[in-house]
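Source: prediction; values computed, not measured. Every chain is numbered from 1, with letters handed out A, B, ... down the list of sequences.
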Amino acid sequence: MANIQVTIKDAVYEAAEGLTAGEALKLAKVPTKGPQRPLAARFNDELVDLSRPLAEDGVLEPVDQSAPEALDLLRHSVAHIMAEAVKSIFPEVKVTIGPAIENGFYYDFDKPEPFTPDDLGRIEDRMRAIVKAAQVFERSEMTPLKAVEFFKKQGEDYKVELVEDLVREQQVKKVSLYRLGDFVDLCRGPHVPDSSWGGSFKLLSVAGAYWRGDEHRPMLQRIYGTAFFGGKDLEAHLRLLEEAKRRDHRRLGKDLDLFSVTDEVGGGLIIWHPKGALLRVTLEEFERQEHLRRGYDIVMGPQILRTELWKRSGHWDNYRDNMYFTEIDGQGYGIKPMNCLAHMFIYRSQLRSFRDLPLRYFELGTVQRHEKSGVLHGLTRVRQFTQDDAHLFCTPETLDQEIKGILKLVDDLLGAFGFEYEIELSTRPAKSIGSDEAWELATGALQKALSDQKRPYEVNAGDGAFYGPKIDVKLKDALGRRWQCSTIQCDFTLPERFDLTYVDHDGQKKRPIMLHRTVFGSIERFIGILTEHYAGAFPAWLNPEQVRILTVTSRADEFARTVRTRLRREGLRAEADLRNEKLGYKIREAQMQKVPYVLVLGDKEVEDGAVAVRKLGGQDLGVMPLDSFLALAIFETKPPRWDF
RNA sequence: GCCCACAUAGCUCAGCAGGUAGAGCACGUCCUUGGUAAGGACGAGGUCAUCGGUUCAAGUCCGAUUGUGGGCUCCA
């Protein structure tokens, strides 16, 4: 048998061919215990099992739990452990696929009867036994023909389909299989060496999922779980899930009395209560002012527009199933699912010169979309919502500048809430309108603006709007969850379809370029995100209640009313709690309602014309004259503003 | 739209062998005037989501509808 040369950490080792990766690493004295113990290896840049025999010269690197791919590898391995457990308890179940996902893993099963919560417990117990038994992940290879035969014999129809697709789509000559206990799965691998690695796991939920994500194919049962290298990490993640539940905007919306949804009114339709409505108009007014400062015009369009317009715009072809239509005097109308049409008619209401451009029309436009019943969710997915929508009409010369202006606006407005974000560039989808040249131009313009500003972005191929490519912004909230809010879409097509023109320097009529964009996206959804981001403790400028005045005894009632009047006169949102309750009780309630400032008024304050100030969370600012508090509160409740 | 689960007082939930509804909080009245996260007593509150079926009898069993939750598909 020939010898091979294996390079590990810059040292070269001579070894017999067929030596496993794990054995080779031992030659280099890679730790076999502790956090640096390898769970897999990288051989000539290919991720391999430690049990993989080495057949050629090459560079070998250990992969331990600190490696970026380690957690996925572990979770995928735990998915196999789960599948083995499920197969041993329910032998009639057919297995499909079980990948690692962002915060865990899942495995999809075809099983006639649904899994029950009890089943999850039983599966977990079986998994623990498998972990304890430290079963080895055993890799083998087969020709696709053999593999098909093998899985057919086992009745694993889904695996048969997967192998056949691998052959058809990638012309593979060999497939790899992994055995764990009695369970053999088609799998690219690699895996952790044995099941003892998978001890820190938890099964989370069962849900339906279509085979291969296709709604025309069978509905499978998906079990979600998560796994980590240590119990501490697992506990931290479970705590995060608890925290997310605690911050759920649907719960906080009720607790803080912001909004409600009721089946009597209809699903996906938000009813804004006084505090929620106040929060919302505060946010909207902030945005209006910021747009006016940046040269936008505020406009408003009608709620319904004639159906033929939707046909001309392409919305009829692409979205008519998600629109509502009605008829007036024999004429068809569609309720608007977006705002751009009216804005184009404002553009068209006059002859435009290049001197008029850019035109920036901003509308807090309320739209209706017939979302499928199963997708509705609190404030984040509703059937009627308000977009902070704008359409910019510009010449090719100023396009770049306008895109950059929008990026700056996004930066400022999202930054106001402490959001960081990531950018994606979405390109032409399968279902689209417009010429190839227009798509190339538009995509190039967005790309150029991003790279000029050195903003890192990822390309999301085929995910653009039907009329143009777009920049999508995914913000990250306080819990690290990502939400898509802002979007910038470059459109050459609608100006064409609605024959928008301007007169250029040379006296010729030309087409303006149209930019569609939102910053918050949907006001409803954004308030949902803000609620969870702040856990209900909105910053003072946005909080529907900024100051709550508490009396110690009824002797302070009159003064409390005076203070409330003074605060309100200064534009502060103040309430007085004059109920016959103990101070501690009122404080508790004000804290739970997340009011930023509490003023305590007792005999001392009445006598001195002063207020005792307590901030949300318990910080005591002490007793101060009412005027001092007024100055402080006016300063602290100013909305953010930027120089540019 | 699809899979599964759920729907009881304003809120959170108990009621898990079918026999005419219960707790805590909130609310009302009274007592208490109490200085930084829940003072006390009493009281009022429900056609058990809606419609239909089984049964002598249905909150409880069955079906449909609506809505909600966890996902899937979709998201201009």
Side-chain angles (χ1 to χ4, degrees), chain A residues 106 108 111 113-117 204-224 245 248 250-251 254-255 257 260-269 310 313-315 317-323 336-340 367 369-378 380-382 385 387 389 429 431-433 463-468 470 484 487 489 491 494 516 518 521-522 525 550-557 580-593 598-605 612-620 623:
Chain A
Y106 66 77
D108 285 348
K111 176 172 177 288
E113 274 77 45
F115 289 110
T116 65
L204 298 172
S205 60
V206 193
Y210 298 112
W211 167 233
R212 308 205 120 178
D214 183 341
E215 60 182 317
H216 305 294
R217 309 210 57 184
M219 179 65 72
L220 307 170
Q221 291 189 63
R222 175 171 298 179
I223 302 181
Y224 283 95
K245 227 187 211 168
D248 190 316
R250 293 165 300 180
R251 164 181 287 274
K254 205 172 266 175
D255 291 349
D257 197 20
S260 61
V261 187
T262 155
D263 58 342
E264 286 174 282
V265 171
L269 301 171
W310 301 112
S313 68
H315 287 89
D317 288 338
N318 285 283
Y319 290 107
R320 73 170 162 261
D321 291 345
N322 294 308
M323 286 180 64
K336 68 173 173 177
M338 26 64 62
N339 306 294
C340 36
V367 299
R369 295 181 182 179
H370 181 194
E371 304 288 3
K372 289 180 181 177
S373 58
V375 308
L376 302 176
H377 182 94
T380 60
R381 197 76 185 272
V382 293
F385 61 99
Q387 295 177 305
D389 205 359
K431 228 175 155 185
S432 65
I433 58 176
D463 213 26
F466 72 86
Y467 47 71
K470 55 182 186 167
Q484 205 240 288
T487 177
Q489 307 172 356
D491 182 1
L494 285 180
H516 309 243
T518 64
S522 144
R525 185 177 135 90
L550 308 184
T551 49
V552 180
T553 72
S554 56
R555 290 188 298 278
D557 286 2
N580 177 14
E581 294 290 352
K582 289 198 160 180
L583 181 60
Y585 182 90
K586 296 184 186 181
I587 296 253
R588 178 181 143 85
E589 210 152 90
Q591 296 294 299
M592 291 195 308
Q593 291 293 306
V598 162
L599 301 185
V600 175
L601 307 187
D603 292 339
K604 283 181 281 183
E605 288 76 17
V613 185
R614 184 196 207 270
K615 284 182 81 165
L616 177 59
Q619 193 194 348
D620 189 355
V623 180

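- A distance of about 37 Å separates the P atoms of B:G70 and B:U20, rounded to the whole Å.
- Base orientation at B:G69 is anti, since its O4'-C1' glycosidic dihedral falls outside 90° of 0.
- The structure places OH of A:Tyr319 at 10.5 Å from CE of A:Met338, a figure rounded to the nearest 0.5 Å.
- Both distances falling under 3.5 Å, in either a Watson-Crick or a G-U wobble arrangement, occur for no nucleotide opposite B:U33.
- Atom pair A:Glu589:CD and B:U36:P shows a separation of 17 Å (rounding to whole Å applied).
- Remark: A:Arg251 CZ is loosely packed, at most 12 non-hydrogen atoms of other residues, nucleotides or ligands lying under 6.0 Å away.
- Annotation: B:C27 and B:C51 have their C1' atoms spaced 32 Å apart (nearest Å).
- Although no hydrogens or angles enter the test, the distance criterion places no donor-acceptor pair under 3.5 Å between the side chain of A:Glu371 and the main chain of A:Arg381.
- The CG-C1' distance, from A:Leu550 to B:G34, rounds to 13 Å in whole Å.
- Between the OH atom of A:Tyr210 and the CG atom of A:Leu220 there is a distance of 11.0 Å, given to the nearest 0.5 Å.
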Exercise. Which parts of nucleotides 66-76 of chain B does protein reach within less than 4.0 Å, heavy atoms only, written one letter per nucleotide 5' to 3' as B for base, S for sugar-phosphate only and - for none?
Worked result: -SSSBBBBBBB
Exercise. Going through the distances and angles, do A:Asp214 and A:Arg212 end up as a salt bridge (charged side-chain N to carboxylate O under 4.0 Å, His left out)?
Worked result: CA-CA 5 Å; A:Asp214 183 341; A:Arg212 308 205 120 178; over 6 Å; no
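- With a 3.5 Å ceiling on both atom-pair distances, B:A44 lacks any Watson-Crick or G-U wobble partner.
- Both A:Lys254 and A:Thr551 lie near RNA chain B, and the one whose nearest nucleotide falls closer to the 5' end is A:Lys254.
- Look at CD on A:Glu581: it is 10 Å from P on B:G40, rounded to the nearest Å.
- Under the Watson-Crick and G-U wobble criteria, each requiring two contacts below 3.5 Å, nucleotide B:G18 is left unpaired.
- Taking atom CG on A:Asp603 and atom C1' on B:G34, their separation rounds to 11 Å, with Å as the unit.
- Look at the C1' atom in both B:G15 and B:A9: the space between them is 14 Å, to the nearest Å.
- A distance of about 15 Å separates the P atoms of B:A26 and B:C11, rounded to the whole Å.
- The partner of B:A58 cannot be assigned: no Watson-Crick or G-U wobble pair with both contacts below 3.5 Å exists in any strand.
- Side-chain atoms of A:Arg555 and base atoms of B:U33 include no donor and acceptor less than 3.5 Å apart.
- For the pair A:Leu583 CG and B:U36 P, the computed distance is 6 Å after rounding to whole Å.
- Pairing for B:U50 goes to B:A64, judged as Watson-Crick or G-U wobble with the two contacts each under 3.5 Å.
- Here the side chain of A:Arg222 pairs no donor or acceptor atom with the backbone of A:Ala207 at under 3.5 angstrom.
- As rounded to the nearest Å, B:A58 and B:C62 have C1' atoms that lie 11 Å from one another.
- In this structure, CG on A:Asp255 lies 10.0 Å from CG on A:Asp248, to the nearest 0.5 angstrom.
- Atom CG of A:Asp263 and atom CG of A:Leu269 lie 11.5 Å apart (nearest 0.5 Å).
- B:U36 atom C1' lies 13 Å from atom CG of A:Leu601, rounded to whole Å.
- At a threshold of 4.5 Å between non-hydrogen side-chain atoms, the residues A:Trp310 and A:His315 count as touching.
- Nucleotides B:G28 and B:G34, compared at atom P, are 23 Å apart to the nearest Å.
- Annotation: B:G1 and B:G59 have their C1' atoms spaced 31 Å apart (nearest Å).
- The partner of B:G24 is B:C11, judged by Watson-Crick or G-U wobble contacts that both fall below 3.5 Å.
- Atom name P, nucleotides B:U47 and B:U65: the rounded distance is 26 Å, in whole Å.
- Heavy atoms of A:Ala590 sit nowhere under 4.0 angstrom from any nucleic acid atom.
- Separating the CG atom of A:Leu616 from the C1' atom of B:U36 is a distance of 13 Å, rounded to the nearest angstrom.
- The side chain of A:Glu605 approaches B:G35 more closely than any other nucleotide in the set B:G35, B:U36, B:U33.
- If you check B:A38 for Watson-Crick or wobble pairing at under 3.5 angstrom, you find it has no partner at all.
- Across the protein-nucleic acid pair, A:Lys586 atom NZ and B:G34 atom P stand 13 Å apart, rounded to whole Å.
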